[in-house]
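Written below as C-alpha cells is the structure these notes are about.
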Amino acid sequence: MKRYNFKETERKWQEIWATRGTFEVAPDPARPKYYVLEMFPYPSGRIHMGHVRNYTLGDVTARYWRAKGYNVLHPMGWDAFGLPAENAAMANRVAPAAWTRDNIATMRRQLKTMGFSYDWRREVATCEPDYYRHEQKMFLGFLKEGLVYRKRSTVNWDPVEHTVLANEQVIDGKGWRSGVPVERRELAQWFLRITAFADDLLQELSHLERWPDRVRLMQENWIGRSEGAHVRFVLKGREDRLEVYTTRPDTLFGASFCAIAANHPLALEVAAKSKELADFVAACNALGTSEASIETAEKQGFDTGLRVVHPFIEGRELPVYVANFVLMEYGTGAIFGCPAHDQRDLDFARKYGLPVVPVVAPAGVDPASVEIGTEAYTGDGVLINSGFLDGLAVDQAKREAIGRLQAMGMGEGAVNYRLRDWGVSRQRYWGCPIPVIHCEKCGIVPVPEKDLPVVLPEDVDFTGSGNPLDRHPTWKHVACPTCGAPARRETDTFDTFFESSWYYMRFCSPQSDRAFEADEVRYWMPVDQYIGGIEHAVLHLLYSRFFTRALKQCGYVDFKEPFAGLMTQGMICHETYRNAEGKWLFPTDVRREADGRVIEIATGADAVVGRSEKMSKSKKNVVDPERAVDAYGADTARLFVLSDSPPDRDLDWTEAGIEGAWRYLNRLWRLAADPATPLPPADAPRPESLSPEAEALLRLAHKTIAAVSDDLDRFHFNKAIARVRELTNGVEALQDGDGAAWVRRFAVETIVRLLGPMTPHLAEELWAELGHATLLADTPWPQADAALVAEDTVTLAVQVNGKLRGTLDIAKDSAETVVREAALQVPNVLKAIEGKSVRKVIVVPNRIVNVVV
RNA sequence: GCGGGCGUGGUGGAAUUGGUAGACACGCCAGGUUUAGGUCCUGGUGGCGGCGACGCCAUGGGGGUUCAAGUCCCUCCGCCCGCACCA
C-alpha cells in the first residue's frame, strides 16, 4: 500500500507552481480581475497561527476565484517599520534594519512552505527606500494640497529615559522600563487633515455593501458626527469668552457648571498662579494620553474660581471646573454640565455638591413630580423650568435655544465630529523620514522632489536615550534648499499606518519608478476581497480610506474606496497551562496522560489547565506553525484552520483537531490513490444505467458542488468542508452495483476538485493520480448539473400546537389542500389531535405544517 | 468609562427569510481487524423518564411578541475586540 508522503508531495507541487509561474499575473483587459489581499504582516520574527489562518482564508479565496476564471492578483509583502525593531535593537544590540531583514527572510521561507498562491515577484518591504520614497513624495503632495498642517499636541514623556512612549509602553501611568510616572508633553507635530473628509467617509460607508455591518458601525461611531451648538459664555471679570460645544442646547436652563480640559489654555493660565490647580493639572497629566485610561479614571474636578454668566438666566453664575474627563481634543475642550440629563454630569454634581435642576419631563409626567435621584434622565420629553423653552419638545427646544443664542451673539448651531486629525509624527528611529528641513531663516522647507528619497541612515547607535536619528552625528545637518544656510532635517518619522495606507496600490506595480502605474492600478483596484483581523476595524481601514481620497485629490487615482469587500477573522486561542508555582508553561512543556491528567514533562508534577485564551507570548499558549507543518504538513494545518470554526469567530487550536484533519486527508488519499475497487479511467463514459444507490450518490455529488460553491462565496469554509466530508462518507458507503465504479470515481474527483483551494498539494497530487496530465490549479471550477440538484419530493415537518409530531414526504410544491389532508393523516398527528377540534392549519410551502387545536 | 461583538451537547460548531435544534467533526462508550501501540472498520452517543412505540425538558439567566423563537424585542450576567504612539 502506498503511503501519502506529505513532505515530498508538498515540496514537489510548490516547485512546479513556482517553475511554471502558475500564480504570476499581469493585467489582461480581456479577463475579469479579482484582487485578493490579506493584511500584510509585521516581520516580528516567525509566523504565528494568526498568520496561518489569515493567509489560508486568503489563499482559498484566491484559488477559488482563479478556478472560476478570474485573473487573480494575490500579493504578499512586509509592514516592516515599527517599534519592535527598536526594542530588539536595545535589548540585543542588533541593527533594526538587519533584524527586520532577517525576520523577513525567515517568515518568507515559512510562508512558502504553506503553499500560498502568491505572485512572489510583487513582494515589497516598506522599510526599503524604493518603497518609502513614494510616500515621501505623497506627503509633499498633501502639503501642497493643504492636507497637511503642523500643530502642538501631547505625547507621553518618560522623564528618565527622555523618550516619547507609545500608549502600550505606559503601564498604570508609568513608563514600562523606567517605572516612573509619565508626563504629558506638548510637541509640534505633523497632522493629516482626515477631518476634511469626515462627511464623505461617513456617507460612503453605506455603499460598502460587502463590509461587515459591525465594522461599518464602528467606523460610523468613530467618526461620531453630532449636531449641536457652540455656546460662548461670558467670563465674569474678563474680556474673553469660554466657548463650549454641546449636543443639548435645550438643557441650558439646567446648567450648573462648566468644565474644561486640564490642558485648556484657561486652565493653564489659572494653574500658573495657583499651586493647588497646578498640582491637579499635573495629576491629570499623569494619566497619560490614552482615552481609555482617562475615561476609566475616577472622575475628578477642581474649581478654578472663574465664573461664567448664564446666557439666559439673569444674574445666574456658573463655576468653571477643570475636570479630568474633559478631552482637549474633542469639541472645544470645554463643556457645560446639566446634571439632570447627563449621567456623568450628575455624578460630578453629586460629588461636588452642585445643583441638579430637571429641565426635561417625560411626556405625560407632571412637571412638579419630576425628581432626579442617582440616575439622569436622558430620554425625550417636554421642557420645564426653562423660561422661554417651557412646553417645547426636546427637538423644538434645541432649535429655539440655538436661535436665541445666535440672536444674542452668544453662539450658533454647529456640527461636530469625534474624529480628530491624524497625527503622523513619531519621535522614533525605525520609520520613514518626514521629508522636511527646518531652516532658521526660511522656516519649514519641504525637501525638493529631486532630493528624494530622504534615506534613513542605518549606522545608528542605540545605547543612549531619546531618538537615535536625532543623535546621529551627521545625518540631520543639511544645507537649506532655499537659502543654502546650515539647516537641520526633521528627525521625526511617519506613523507606520502611513505605509499600510497605500501598500495595496504598490502591489499593482511594485517595480515602478513611480508609486504605481495609473493603468495597472485602474485595472486591479479596488481590492475585491480584503482579509484581516477585526482589531483593524477602525484605524487602519479608516486611514486607508482617507489616504485613497487624499491621493485622488492629488491626482494619483480616480476612485476613493480601496476595499470593496472585507472579511474580518477571529483570533486563534489555545488552552493555558501553569505549574504549581503559577508559572506559565508552553504546550510543548506538558503532556496529557491516558487518564486525562496534564503533567509538566520536566518535573512530572500536575499542571493546572486554564481556559482557552487568545494565543500570546506572555501566557505561552502558543503553537509554532512550523512545528505543526513539520509534523502534519501544510494541507493538514490549512484544513484544520478552515474546518473547525467560521472565519470571523475565534478558533481553538487543539491537538485533537489537527489530528482529525490529518486522518481525513489520509482517508481521502486511500480513497483516491489506493481504492479497494479500482476506479475507471478519466475518460470512461457514463454507464447507461445506474443503481438507485449510485444515482443517489451522483445527485449528492452535484448537490455538494452547488452547496460548496455557495459556501465559498459566503466565506462559510467550515460548512464547505463539512459537506465535502458528507460526500466522502457517501462514497465509502456506496456498495458495488450498476455504475457504482463510475459514480464513485466522479464523486472522488469532485471531492478533489472542491478541496483544491483548501488543501492544494494533496488535491494536485490526487488529480495527477486520477490520470490527469494538467494541473488542478489550471482546471476550471466544477459545475453542478441543475437537473441532478433539484429534488422532486420534500420532507415536511408536521407540528401540533408548535410541537413536532411527525414528518410527511410529499411531492414538491404540492397544493396546500393536498398537504393539509396528508398532514392530518399522519398517525402520530391523529393521535395528538384526537378528541380536540382543529382550529387552524398553517401550511408553509415545502417547509412545515402546524395544526392548531 | 465609551463604541462594537459573541454566548447552542463533554468539545468546535450546523440550522437561507422566524418554520424538523444539534449537520459535519473531535471526544467518549461498545464491538471487530491488524498490531507492541497509534492507525483502520462497524455501531452508539444532548438531558430526564419508559421494555417499547413514545413523552417531557433543553440554544448564558429572566421576561415579552408569534400558530411557531437559537433566530425578533426588553432586561440582566459572562467573555472578547477597539479607544487615536503596538501592529
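Every chain is numbered from 1, with letters handed out A, B, ... down the list of sequences. Just so it is clear, the values below take in all heavy atoms, side chains as well, and ignore hydrogens, waters and symmetry mates.
With no hydrogens or angles considered, no side-chain donor-acceptor pair links A/Ser44 and A/Asn103 at under 3.5 Å. Residues A/Gln219 and A/Arg545 have side chains that bring a donor and an acceptor to within less than 3.5 angstrom of each other. In this model, a donor atom of one side chain and an acceptor atom of the other lie less than 3.5 Å apart for A/Tyr664 and A/Thr728.
A donor-acceptor pair under 3.5 Å links the side-chain atoms of A/Arg184 to the main chain of A/Gly288, judged by distance alone.
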Pairing string, 5' to 3', for RNA chain B - Watson-Crick or wobble contacts under 3.5 Å, brackets [ ] where pairs cross, | to another strand:
(((((((..(((......[....)))((((((.......))))))((((....))))..(((((..]....))))))))))))....
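Comparing A/Asn729 and A/Leu651 by the nucleotide of RNA chain B whose heavy atom lies nearest to each, the residue mapping closer to the 5' end is A/Leu651. Each of A/Ser290 and A/Ile842 was assigned the nucleotide of RNA chain B with the nearest heavy atom; the assignment lying further toward the 5' end belongs to A/Ile842.
When every heavy atom of A/Tyr543 is checked against every heavy atom of A/Ser501, the shortest pair comes out as CB-OG, 3.7 Å. What you find for A/Ile848 and A/Leu796 is that their closest heavy atoms are N-CD2, 4.0 Å.
In this structure, A/Phe497 reaches the bases: a heavy-atom distance under 4.0 Å links it to at least one base atom across the strands shown. Among the protein residues, A/Asn221 comes within range of the sugar-phosphate backbone only, with heavy atoms under 4.0 Å from sugar or phosphate atoms but none that close to a base. Contacts of A/Asp710 with the nucleic acid, taken as non-hydrogen atoms under 4.0 Å apart, are absent. Counting any heavy atom pair closer than 4.0 Å across all strands shown, A/Val155 reaches a base atom. Nucleic acid contact for A/Val538: none, since no nucleic acid atom lies under 4.0 Å from a heavy atom of the residue. No engagement by A/Asn801 is indicated, since no non-hydrogen atom pair under 4.0 Å with the nucleic acid exists. Among the atoms of the strands shown, none is found under 4.0 Å from any heavy atom of A/Arg344. Using a 4.0 Å heavy-atom cutoff across all strands shown, A/Thr296 reaches at least one base atom of the nucleic acid.
Classified by its glycosidic torsion, B/G50 falls in the anti category, the angle being over 90° from 0.
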Would you please test A/Phe547 and A/Phe498 for ring-ring contact (aromatic ring centres under 6.0 Å, His included) and show each step?
CA-CA 9 Å; A/Phe547 218 86; A/Phe498 215 95; 5.1 Å; yes
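For the pair A/Val215 and A/Leu208, the minimum side-chain heavy-atom distance is 4.5 Å or more.
In summary, contact between chain A and RNA chain B, defined as any nucleotide atom under 4.0 Å from a heavy atom of the protein, begins and ends at B/G1 to B/A87 in the 5' to 3' direction.
One C1' atom belongs to B/G18, the other to B/U66, and the distance between them is 9 Å to the nearest Å. For the C1' atoms, the distance linking B/G9 with B/U16 amounts to 25 Å, nearest Å.
Under the rule for a side chain to side chain contact (heavy atoms under 4.5 Å, CB included), the partners of A/Val170 that lie at least two apart in sequence or sit in another chain are A/Asn156, A/Leu165, A/Val182.
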